[in-house]
Amino acid sequence: MTAQYWLMKSEPSVFSIQDLKRKKREAWDGVRNYQARNYLKDGMKPGDLAIFYHSNAEPSGPAGICRIAGPSRPDPTAFDPKSDHFDASSDPSKPRWWLVDVEFVSAFSQVLPLASLRDIPELADMTLLRKGQRLSVMPITAKEFQRIKNLAEKS
DNA sequence: GCCAACGTTGGC
DNA sequence: GCCAACGTTGGC
């Protein structure tokens, strides 16, 4: 199967593309939405590429590229009572929440502002740009991925 | 900080 | 199973 492309949101005040660059690799933990969980658990495959998106930021928008670095695995923070993402009702023998590990690929020279993406006709159908969508992890097409990458390289 | 949009929870 | 109340996301 050919590579899939994704968009993954993170608040840079919590974990930014620069943080990933420094750490090289990180577990994408704490996702507590079932649709996003399904993408992490069943959709993402090692080698897939993802746009690293800064949310709740100034500006919000695509900030770089990362790569899925390993197979999905249960999210250990769900079983850690000290974690903000602890889920007391998740049974360790039947994990409810999953994560993937991601590795740094590149950081854009500047974040592409979300508003600037709205001017690009080829991106008009992106889930990201739909009103009210709040998914933190979502698939994108190869074309959308390339278009965003090209925009970033030109800016 | 505001608030629209959405997901989840829980009473009935 | 309905749906109101509540909590969260995330742009602005």
Side-chain angles (χ1 to χ4, degrees), chain A residues 4-23 26-44 48-68 72-102 104-141 143-145 147-152 154-155:
Chain A
Q4 300 276 110
Y5 296 90
W6 306 93
L7 184 143
M8 305 174 79
K9 293 180 184 172
S10 179
E11 300 196 21
S13 61
V14 177
F15 190 76
S16 71
I17 189 70
Q18 288 76 24
D19 293 327
L20 183 60
K21 182 176 187 177
R22 184 155 26 82
K23 298 190 69 172
E26 182 76 347
W28 202 271
D29 60 17
V31 172
R32 297 293 180 268
N33 168 283
Y34 286 103
Q35 197 177 349
R37 185 281 311 268
N38 292 342
Y39 290 137
L40 292 170
K41 180 173 178 288
D42 303 321
M44 293 182 168
D48 286 357
L49 292 172
I51 298 292
F52 191 116
Y53 180 95
H54 282 181
S55 61
N56 266 317
E58 197 52 55
S60 294
I65 295 171
C66 61
R67 182 187 297 112
I68 310 308
S72 59
R73 56 189 175 91
D75 182 345
T77 65
F79 308 119
D80 177 2
K82 294 192 293 293
S83 168
D84 287 344
H85 304 294
F86 177 59
D87 180 358
S89 65
S90 178
D91 177 355
S93 70
K94 221 174 138 235
R96 176 180 298 165
W97 304 115
W98 292 66
L99 59 72
V100 295
D101 297 281
V102 301
F104 177 78
V105 174
S106 66
F108 297 157
S109 55
Q110 41 200 331
V111 174
L112 286 174
L114 178 62
S116 71
L117 301 186
R118 297 190 188 280
D119 300 333
I120 312 295
E122 300 96 304
L123 301 181
D125 292 333
M126 283 185 80
T127 305
L128 176 74
L129 300 181
R130 286 211 271 278
K131 181 179 177 188
Q133 78 75 29
R134 304 185 317 184
L135 264 184
S136 64
V137 168
M138 69 191 82
I140 61 175
T141 68
K143 265 193 185 131
E144 290 161 351
F145 179 88
R147 194 73 180 87
I148 290 171
K149 187 164 176 276
N150 291 344
L151 280 172
K154 272 194 308 191
S155 64

Does a salt bridge link A:D75 with A:R37, judged by any charged N lying under 4.0 Å from a carboxylate O? no

Please work out which of the three classes, parallel, tilted or perpendicular, describes the rings of A:W28 and A:F15, given edges at 30° and 60°. perpendicular

Determine, for nucleotides 6-12 of chain C in 5'-to-3' order, which nucleotides have protein heavy atoms under 4.0 Å from the base (write B), from only the sugar-phosphate (write S), or from neither (write -). -BBBBB-

N/O (side chain, A:K131) to phosphate O (OP1/OP2, B:dA4) under 4.0 Å: no

Flag for A:R32-A:T77: side-chain donor and acceptor within less than 3.5 Å: yes

Give a yes or no on whether the backbone of A:D101 and the side-chain of A:R73 come within a donor-acceptor separation of less than 3.5 Å. no

Any donor-acceptor N/O pair, A:E11 side chain to A:S13 backbone, under 3.5 Å: no

